[in-house]
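To find a chain, count down the sequence lines: A is the first, B the second, and so on, and within it residues start at 1. Nothing here was measured: the structure is a model prediction, and the numbers come from that model.
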2 protein chains.
Amino acid sequence: MQVVEESAAKVNGAGLTERQSAVLESALNLLVEGGEKAVTTAGVARAANCSKESLYKWFGDRDGLLSAMIGYQAGKVRTVEVRAETLTVEGLRRHLSAFALDLLDVLSGDVSLALNRLAIGQTVRGERRGGAASGEATLGRLLEERGRRQIGRRATTLLEAGRKAGLLAFEDADEAYGTLYGLIVTDAHLRMLLGEDPRAMKKEFAGRAERAVTSFLTLYGVGAMADA
Amino acid sequence: MQVVEESAAKVNGAGLTERQSAVLESALNLLVEGGEKAVTTAGVARAANCSKESLYKWFGDRDGLLSAMIGYQAGKVRTVEVRAETLTVEGLRRHLSAFALDLLDVLSGDVSLALNRLAIGQTVRGERRGGAASGEATLGRLLEERGRRQIGRRATTLLEAGRKAGLLAFEDADEAYGTLYGLIVTDAHLRMLLGEDPRAMKKEFAGRAERAVTSFLTLYGVGAMADA
DNA sequence: AAGATTGCGTACCGTACGGTACGGTTCGGC
DNA sequence: GCCGAACCGTACCGTACGGTACGCAATCTT
């Protein structure tokens with residue numbers, strides 16, 4: 001269910017060998033291309049030129065492989081920290097727009113969509129899939145933890161900075177972020193998850209982001225901020 | 001891939017026998033309980049006390065069964081038509097709140113979540129799953145068509161009515177609906193799809209709905225409407 | 001240089017599931 | 001009262017996949 005090997009070999013970001021990372025990359029390719037059913041142990045082994053035995057040694061079992069795929073991909077996304085000081089009216093708006101576009105870009109990425117589909121497909125009503133130990137995290141949880149939580153942090157710090165600079169007014173930063181998120185994403189994410197072509201939607205991203213930011217500033221902006 | 005039988009027997013809403021509807025109901029139960037992997041042909045047959053042969057006769061193959069499940073469930077949801085005339089300020093707000101609550105209730109329903117997970121899990125990058133005929137619609141498309149499109153229609157007519165009564169101001173009704181949807185749902189739907197417990201979230205629905213409507217009226221309300 | 005470790009390739013096993021076939025039974029029409 | 005259709009229950013088949021075992025080459029250790 002999780003990575004085992006942790007030898008002294010040159011390791012990548014997490015406790016992953018270069019080789020293992022390459023294997024996960026192959027697996028992600030397969031997933032993007034053919035969905036969950038395409039990620040068979042034999043298929044991954046063939047695509048990555050490794051043996052099934054190594055797969056099981058490294059990742060425990062198929063679920064461990066899937067978890068590792070999520071962890072690996074999530075590890076690649078690094079949030080750009082925003083320098084909070086010297087926040088002007090224009091600056092805040094620009095930062096918000098940039099965030100909106102980034103968010104839409106991330107959510108519409110092939111790999112992101114594939115991983116979300118995977119995690120959602122595994123999920124069952126009561127959580128807690130067949131997996132062994134009770135301490136085992138669900139793929140959905142994992143994705144949420146390492147994915148959106150991360151990107152949400154970036155947004156909330158930005159919002160806090162805006163408030164501290166007297167440009168925004170709100171009580172609960174998380175709630176304000178929720179509103180911002182809703183204004184930006186609306187149902188676009190779900191539509192893409194259901195198969196809508198992301199390329200067709202990407203054309204609207206710029207306009208969508210602008211409108212969302214404008215609306216957000218109308219709702220939470222202070223004074224001149226709201227006129228934008 | 002689709003319903004075949006259309007005999008003279010007493011049919012339900014669509015071209016479905018009572019018996020067939022009962023079978024689909026069983027299948028939905030199984031899906032809610034155990035996710036997609038629990039919906040095996042043998043399992044459905046056992047749960048519904050029917051033979052596999054009948055399943056294949058009625059629904060063609062497993063995909064046909066899954067499609068039929070979506071169609072059947074979607075057919076049960078009937079949108080409450082809103083009488084557009086005599087729309088007052090209070091009335092519009094009440095209608096919007098009611099819509100918001102209904103939307104959240106629908107999206108957080110066990111069956112809805114299970115079906116969305118199913119459709120999303122089947123989806124692959126290029127759409128068009130292995131299924132035979134090219135005219136075959138994806139489960140995702142089907143769900144979108146019969147599900148949200150339907151509920152969206154109710155909202156847009158409400159919004160149009162509000163505009164006609166001079167209470168709302170917007171250019172594109174669909175865009176306004178998108179904003180409303182985003183304000184109401186934010187990322188709650190996705191979180192539930194990923195396994196977050198719906199019961200825990202339902203407690204916040206009322207507050208969330210109110211806030212969303214207030215924000216929406218701030219953005220699109222005319223005059224006194226926006227003060228609510 | 002000899003032994004150990006790692007890992008590839010392949011073959012193998014058990015199982016579970018999609019799909020089909022068949023015998024027996026109930027029910028409606030004539 | 002007979003015939004046929006629909007249908008249930010079960011048994012069956014082929015396959016595909018998860019997981020394990022083994023033989024052998026390459027690389028590392030001492």
* Full working for side-chain contact (heavy atoms from CB on, under 4.5 Å) between Val124(B) and Val32(A) -> CA-CA 7 Å; Val124(B) 182; Val32(A) 169; over 6 Å; no
* To do: Please assess Leu118(A) against Gln122(A) for the test side-chain contact (heavy atoms from CB on, under 4.5 Å), listing each intermediate value before the final yes or no.
  => CA-CA 6 Å; Leu118(A) 170 65; Gln122(A) 297 282 12; 4.0 Å; yes
* After noting the C-alpha distance and the side-chain angles of Gln20(B) and Tyr72(B), does the key distance pass the side chain to side chain donor-acceptor pair (under 3.5 Å) rule? -> CA-CA 10 Å; Gln20(B) 294 168 353; Tyr72(B) 171 72; over 6 Å; no
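In this structure, the nucleotide among dA21(C), dG18(D), dG9(C) sitting nearest to the side chain of Arg62(A) is dG18(D). For Ser51(B), the side-chain atoms get nearest to dG9(D) when compared with the rest of dG9(D), dG7(C), dG18(D). Taking every side-chain heavy atom of Lys57(B) into account, dA6(D) is the closest of dG7(C), dA6(D), dC8(C). When distances are taken from the side chain of Tyr56(A) to each of dC8(D), dG18(D), dG18(C), the shortest belongs to dG18(D).
Judged purely by atom type and a 3.5 angstrom limit, Thr186(B) has no side-chain atom pairing as donor or acceptor with the backbone of Leu183(B).
Remark: P of dC17(C) and CG of Leu65(B) are 15 Å apart, rounded to the nearest angstrom. Atom pair Arg19(B):CZ and dC27(C):P shows a separation of 13 Å (rounding to whole Å applied). Between the P atom of dG9(C) and the CG atom of Leu55(A) lies a distance of 11 Å, rounded to the nearest Å. dG18(C) atom C1' lies 13 Å from atom CD of Glu36(B), rounded to whole Å. Between the P atom of dG19(C) and the CZ atom of Phe59(B) lies a distance of 14 Å, rounded to the nearest Å. Put simply, CD on Glu53(B) is 14 Å from P on dA5(D), counting in whole angstrom units. Rounded to a whole Å, the CG atom of Asn49(A) is 16 Å from the P atom of dA26(D). Distance NZ (Lys37(A)) to P (dC17(D)): 9 Å, rounded to an integer number of Å.
Residue side chain Lys52(B) reaches the base of dG19(C) through a donor-acceptor N/O pair under 3.5 Å, judged by distance alone.
Between dG19(D) and Thr41(A), no contact under 4.0 Å exists linking OP1 or OP2 to a side-chain N or O. A close approach under 4.0 Å does not occur between any side-chain nitrogen or oxygen of Trp58(A) and OP1 or OP2 of dT6(C).
Taken to the nearest 0.5 Å, the CG atom of Leu101(A) stands 11.5 Å off from the CZ atom of Arg208(A).
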